[in-house]
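The structure appears right after this line, and notes come after that.
Below, read A as the first sequence line, B as the second, and so on, with proteins coming before strands; counting in each chain starts at 1.
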There are 2 protein chains.
Amino acid sequence: MTADTASLTASRSPRGPRQDNRRQPLLDAAAALFRARGFHAVTMREIAKSAGMLAGSVYYHFPSKDDLLVSVYEEGVRLIADRVEEACQDTENPWEKLEAACRAHTEMLLDESDYAQVILKVMPEDVPSGEEQLIACRDGYESLFRNLVDDLPLAPTVDRTMLRLTLLGALNSAKNWYRSGGMPPGEVAMKMIELLKNPLQEKGSRV
Amino acid sequence: MTADTASLTASRSPRGPRQDNRRQPLLDAAAALFRARGFHAVTMREIAKSAGMLAGSVYYHFPSKDDLLVSVYEEGVRLIADRVEEACQDTENPWEKLEAACRAHTEMLLDESDYAQVILKVMPEDVPSGEEQLIACRDGYESLFRNLVDDLPLAPTVDRTMLRLTLLGALNSAKNWYRSGGMPPGEVAMKMIELLKNPLQEKGSRV
DNA sequence: TCCTATACCAAACAAGCGTTTGTTTTAGGA
DNA sequence: TCCTAAAACAAACGCTTGTTTGGTATAGGA
């Protein structure tokens, strides 16, 4: 029983004692550092030290710094995508679906996950050897929002692509000014959506 | 006469022959490289080579890589601010002022100036020794948009700070997807403003 | 023409980088 | 208890980095 669960938990080779138990702390450390300072400014020695080991030891778990970043990035997209998809399932109303998705998206990017925040800090072109992989990963996530916007009942003049890009651009930019302790991230998302939904001038406004 | 114009053209010391005639090409080369690849990914040797000199020679014009970046960044803010302020002066209408500003802003960031695009690519925290300087510089520019939004006749429920952040965030994010040859940058700006001004649902829409 | 500050080159510097190598510790299965 | 694979260390590798140094061509003012 214990042997079974152990072998199922292991991610690579079923043989030998303790498998990959330090891989996750290493990813965590890398995620925190990449998010805070970007890909090029972080060294393997820093990542290793933050996980309690030496630089050379990292190469037992990851073949290169680029590969480590790709793993962090993909985990980040996975986490935020899971969370957003889950949030969408609470309602059938297209607007409420989009709002829930934007709340979840913004909460992940502003507050909760170093992994998700790496997506905003590290650009695919920063990592030439993994650029295509990162772009594909990010595009896959964004297609989620494309579907949500496509399902919206909108005035026929509205450009849905531009709406999606405007909305995501505005939400993602919040990481440049957001400080925890003030308005919660979910409220940031809702306020931005309200700005887009409602007209800026009152119907009967004077002047 | 020629002596007078020469001494006025010189930017630093009025004594001695040919003054700083290679400083500008150096800044141009740095701007192009920083914009394309970011601060940490670009080396002094690349910048020097792109300007037709050797790495050590750059230090005759700039005391450090950080200082070089700060000079490029400040020049970028100066260029975009001048252009935006100029664009605002063509009208007295608050909405038209903001629209002209956003058009100019977006044109600079998407098309015209390597210097201006450095502002989006390089984050102040990438350059610790110049962080405060860059932040102050950027904040000064953004206060321009604060004034423009403050002058808008808006419904009293509209949060003007959030509107400014949403608008600028959306405009700036266009550099992530914009490709020249398609929609012109000015139109991108106008479409985003229209999305914010007008309601997304038609007044009498069914469903 | 001589002089001086300008503007660069050529070469090196120390430090730090990502990565490799060979060895050692460690823990579980037999 | 012994064995084996996992997972780490310690040290070095070759290379690149930002920067410094000392020397040199150059061009205008006197």
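- With salt bridges taken as basic N to acidic carboxylate O contacts below 4.0 Å, one links B/Glu75 and B/Arg78.
- A donor-acceptor pair shorter than 3.5 Å cannot be found between the side chains of A/Asn176 and A/Ser173.
- Between B/Arg164 and B/Glu142, none of the side-chain N atoms (NZ, or NE/NH1/NH2) sits under 4.0 Å from a carboxylate O, so this pair counts as no salt bridge.
- The CZ atom of B/Arg22 sits 13 Å away from the P atom of D/dA27 (whole-angstrom rounding).
- Contact annotation: A/Asn21 side-chain N/O to D/dA7 OP1/OP2 distance is under 4.0 Å.
- Under a 3.5 Å cut-off, the side chain of A/Asn147 and the backbone N or O of A/Leu144 do not form any donor-acceptor pair.
- When distances are taken from the side chain of B/Ser64 to each of C/dT20, D/dT19, D/dA7, the shortest belongs to D/dT19.
- Here C/dA7 presents its C1' atom at 14 Å from CZ of B/Arg23, a figure rounded to the nearest Å.
- Taken over five-pair windows at either terminus, the axes of the helix from C/dT1-D/dA30 to C/dA30-D/dT1 are inclined to one another by 10° (rounded to 10 degrees).
- Aromatic rings from B/Tyr141 and B/His105 are positioned such that their centres are separated by under 6.0 Å.
- Looking at B/Asp159 and A/Lys191, a side-chain N of the basic residue comes within less than 4.0 Å of a carboxylate O on the acidic one, giving a salt bridge.
- Checking the phosphate oxygens (OP1, OP2) of D/dA7, a side-chain nitrogen or oxygen of A/Tyr60 falls inside 4.0 Å.
- Within residues 40-58 of chain B, the residues having any heavy atom closer than 4.0 Å to DNA chain C are, in order of number, B/Arg45, B/Gly52, B/Met53, B/Leu54, B/Ser57.
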